[in-house]
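Okay, structure first, notes after.
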Protein chains: 2
Amino acid sequence: MKHATLTPEELHAVYLFSGLNENQLQAMLETAYSIELAPREILFEAGQSAGHFYLLRSGQIKLFSLSDSGDEKVVEIIYPGETFAEAITFMTQHNYPVSAEAISASEVISFDMNVFRRLLEESRETCMRLMADMSRRLRKRIAEINNLTLHNATYRLVVYLLEQIPPGVVELPEIHLGTPKSVIASRLSIQPETFSRILGKLARQKLIRVHQNTITLLDVDGLRALL
Amino acid sequence: MKHATLTPEELHAVYLFSGLNENQLQAMLETAYSIELAPREILFEAGQSAGHFYLLRSGQIKLFSLSDSGDEKVVEIIYPGETFAEAITFMTQHNYPVSAEAISASEVISFDMNVFRRLLEESRETCMRLMADMSRRLRKRIAEINNLTLHNATYRLVVYLLEQIPPGVVELPEIHLGTPKSVIASRLSIQPETFSRILGKLARQKLIRVHQNTITLLDVDGLRALL
DNA sequence: AGCCGGCTTTGACCCAGGTCAACTCGGCGT
DNA sequence: ACGCCGAGTTGACCTGGGTCAAAGCCGGCT
């Protein structure tokens with residue numbers, strides 16, 4: 001763990017900071033530390049007091065909950081350029097609601113939550129930005145709950161596949177799963193076995209072709225028709 | 001629908017307003033209108049552009065989503081004194097993510113979202129309050145997702161029962177369901193039939209006694225042991 | 001090259017809970 | 001009082017997807 005320097009591009013990508021003036025930005029940067037995580041290394045655990053929030057620079061992080069019987073549910077998968085754990089800044093009790101673990105070797109930048117909270121009081125703009133973000137997340141969670149309760153496993157998986165289509169691609173979109181299937185399965189609240197079976201079923205129906213971690217969507221309209 | 005006057009007690013209960021000064025409060029109150037809803041009457045539907053948020057004065061409101069096959073999932077049940085739909089103030093597209101329908105005859109006070117948003121820019125305190133609230137909701141949703149994915153129907157129902165214990169009661173807590181069982185079932189993502197069966201099962205195990213809408217928790221520790 | 005360990009897949013089986021249909025019950029209006 | 005209606009209950013049945021166990025499969029390491 002060492003003090004981190006961010007490139008201007010990286011900084012620009014952190015939309016949360018775009019409302020800050022020079023001094024404020026400087027204050028945040030002074031709290032920035034780089035943390036290298038090995039695969040399966042844990043960044044924080046649910047319930048821990050939350051003193052930092054994070055920007056993922058490279059690698060992949062999963063945010064997950066554990067039931068007391070040890071079952072794991074991946075709530076969200078974080079990709080490079082995304083920040084996470086900023087929204088708990090305002091918890092009455094400041095502790096993480098989920099755990100975070102590196103899926104692959106990752107580098108995260110940690111920022112001090114207290115400093116950020118102080119800046120928030122000064123910057124109306126950042127405040128608004130954070131609220132918009134939280135609002136978006138809230139809506140995402142509601143959508144997720146609908147998905148879980150109103151739709152079955154195949155539906156959820158197909159939605160996921162369609163979401164992964166790279167923008168602009170029309171013909172035979174190919175999806176490269178950069179994440180272990182078992183993690184995606186958990187994110188979708190599906191057992192790995194079932195995940196595999198559904199993929200098999202869709203392939204048999206000639207809707208997709210599966211090649212290890214590459215999935216080709218042979219018939220996007222056919223997939224849409226399943227929804 | 002007529003202009004509404006709120007008692008000081010009611011105003012005090014709206015924690016969102018407690019950061020506002022006299023002028024600001026006055027501005028909000030001027031946008032306050034009272035709406036009477038008959039049972040099953042719809043207040044707003046998912047997707048509608050959101051110009052107001054609400055305070056429930058009496059009755060009960062359910063917030064729910066519909067699948068395109070017409071299945072309904074109750075996301076939240078609102079009780080008197082609670083505000084709802086404030087958190088979407090900051091949606092990039094300002095439309096309601098769920099629908100709202102009166103369960104029983106209800107009176108809601110509507111407030112203007114635009115005026116509130118403007119006040120938010122002036123009142124740091126209210127800003128912070130709203131953020132704290134959104135943060136809490138976000139956490140609640142995550143807990144809900146865990147419940148749905150990590151726990152079964154009996155677990156969810158027992159959790160619900162234990163949550164309903166009136167504060168301070170130790171001996172044989174009685175729970176009066178002020179809400180139709182079918183609505184509670186949907187809130188817990190359980191079918192009415194299953195809901196009824198689980199209640200029957202728990203009664204047979206002498207953990208509870210069911211008398212129409214009154215449930216007596218005969219063995220709280222026994223119930224806790226199921227979790 | 002050969003082995004090991006972690007994913008992934010496949011098969012067999014099972015069960016929580018959903019679906020469908022019939023029946024009960026309590027409240028309400030006439 | 002009666003009949004109706006919607007909510008709740010109960011029974012019979014079914015199935016999506018979870019569980020368990022046994023292979024495959026691939027990539028890294030020695």
Side-chain angles (χ1 to χ4, degrees), chain A residues 38-41 60 62 67 69-74 77 101-105 147-158 160 175-204 208-215 226, chain B residues 38-40 60 62 67 69-74 101-105 147-158 160 175-204 208-215 226:
Chain A
R40 333 205 102 218
E41 192 173 344
Q60 295 181 127
K62 66 177 176 188
S67 76
S69 53
D71 298 317
E72 172 179 312
K73 157 67 183 166
V74 172
I77 305 173
E101 179 185 310
I103 298 174
S104 51
N147 245 334
L148 287 172
T149 56
L150 259 20
H151 302 302
N152 62 22
T154 302
Y155 185 106
R156 297 202 297 275
L157 178 42
V158 170
Y160 180 81
I175 295 164
H176 294 272
L177 304 178
T179 310
K181 288 183 184 166
S182 53
V183 176
I184 296 174
S186 172
R187 168 56 247 286
L188 298 174
S189 295
I190 301 175
Q191 240 36 50
E193 293 94 325
T194 306
F195 186 88
S196 175
R197 271 187 258 271
I198 293 175
L199 240 34
K201 185 185 67 183
L202 294 176
R204 234 172 298 118
I208 65 175
R209 175 180 303 129
V210 183
H211 238 232
Q212 304 187 159
N213 281 324
T214 304
I215 299 178
L226 293 181
Chain B
R40 330 204 103 220
Q60 295 182 128
K62 66 177 177 188
S67 76
S69 54
D71 297 319
E72 172 179 312
K73 158 65 181 167
V74 172
E101 177 186 312
I103 299 174
S104 51
N147 245 333
L148 287 172
T149 56
L150 260 18
H151 302 302
N152 61 22
T154 302
Y155 185 107
R156 297 202 297 275
L157 178 42
V158 170
Y160 180 80
I175 295 164
H176 294 273
L177 304 178
T179 308
K181 287 181 182 167
S182 54
V183 176
I184 297 175
S186 172
R187 167 58 246 285
L188 298 174
S189 296
I190 301 176
Q191 240 38 49
E193 294 95 324
T194 306
F195 186 87
S196 175
R197 272 187 257 271
I198 293 174
L199 241 34
K201 185 186 68 184
L202 294 175
R204 232 172 299 119
I208 64 175
R209 176 180 303 130
V210 183
H211 237 233
Q212 307 185 156
N213 282 323
T214 304
I215 299 178
L226 293 181

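Just so it is clear: chains get the letters A, B, ... in the order the sequence lines come, proteins before strands, and each one is counted from 1.
- At a cut-off of 3.5 angstrom, counting only N and O atoms as typed in the model, there is a donor on one side and an acceptor on the other between the side-chain of B/Arg197 and the base of C/dT19.
- Taking the C1' atoms of five terminal pairs at each end of the helix from C/dA1-D/dT30 to C/dT30-D/dA1, the two resulting helix axes are inclined by 30°, rounded to 10°.
- As a whole-Å value, the separation of A/His151 NE2 from D/dG16 P is 17 Å.
- The closest side-chain heavy-atom distance from A/Asn213 to A/Ile175 is not below 4.5 Å.
- Between A/Thr179 and A/Ile184, the shortest heavy-atom contact is O-CD1, 3.7 Å.
- Residue A/Ser196 places at least one side-chain N or O closer than 4.0 Å to OP1 or OP2 of C/dT9.
- Here D/dG11 presents its C1' atom at 17 Å from CD1 of B/Ile198, a figure rounded to the nearest Å.
- In this structure, A/Asn152 CG and A/Leu157 CG are separated by 10.0 Å, a value rounded to the nearest 0.5 Å.
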Heteroatom pairs (N/O) under 3.5 angstrom, protein to nucleotides 25-28 of chain D:
none

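- Of all non-hydrogen atoms in B/Val74 and B/Ser186, the two that sit nearest each other are N-OG, 2.8 Å.
- Put simply, B/Arg40 has a side-chain N or O that comes within less than 4.0 Å of OP1 or OP2 on D/dA7.
- In this structure, CD1 on B/Ile190 lies 11.5 Å from OG on B/Ser196, to the nearest 0.5 angstrom.
- Between the side chains of A/Lys201 and A/Thr154, a donor-acceptor pair is found at a separation under 3.5 Å.
- Between the side chain of B/Gln191 and the backbone N or O of B/Ser182 there is no donor-acceptor pair closer than 3.5 Å.
- Taking atom CG on A/Leu199 and atom P on C/dT10, their separation rounds to 10 Å, with Å as the unit.
- Across A/Arg156 and A/Leu188, no two heavy atoms sit closer than the pair NE-O, 2.8 Å.
- Whole-Å rounding puts the B/Leu150 CG to D/dG18 P distance at 12 Å.
- Going from atom NZ of A/Lys73 over to atom C1' of D/dG18 covers 15 Å, rounded to whole Å.
- For the residue pair B/Ser189/B/Lys73, the side-chain donor-acceptor check at 3.5 Å is satisfied.
- Between A/Arg156 atom CZ and D/dG16 atom C1' the separation is 11 Å, expressed in whole Å.
- Taking atom NE2 on A/His211 and atom C1' on C/dT8, their separation rounds to 15 Å, with Å as the unit.
- Put simply, CG on B/Asn147 and OH on B/Tyr155 are 6.0 Å apart, with the number rounded to the nearest 0.5 Å.
- Listed by residue number, the members of residues 176-193 of chain B with any heavy atom below 4.0 angstrom from DNA chain C are B/Gln191, B/Glu193.
- A heavy-atom distance below 4.5 Å is not found between the side chains of A/Val183 and A/Gln60.
- Taking atom CD1 of residue B/Ile103 and atom P of nucleotide D/dG6, one finds them 18 Å apart after rounding to whole Å.
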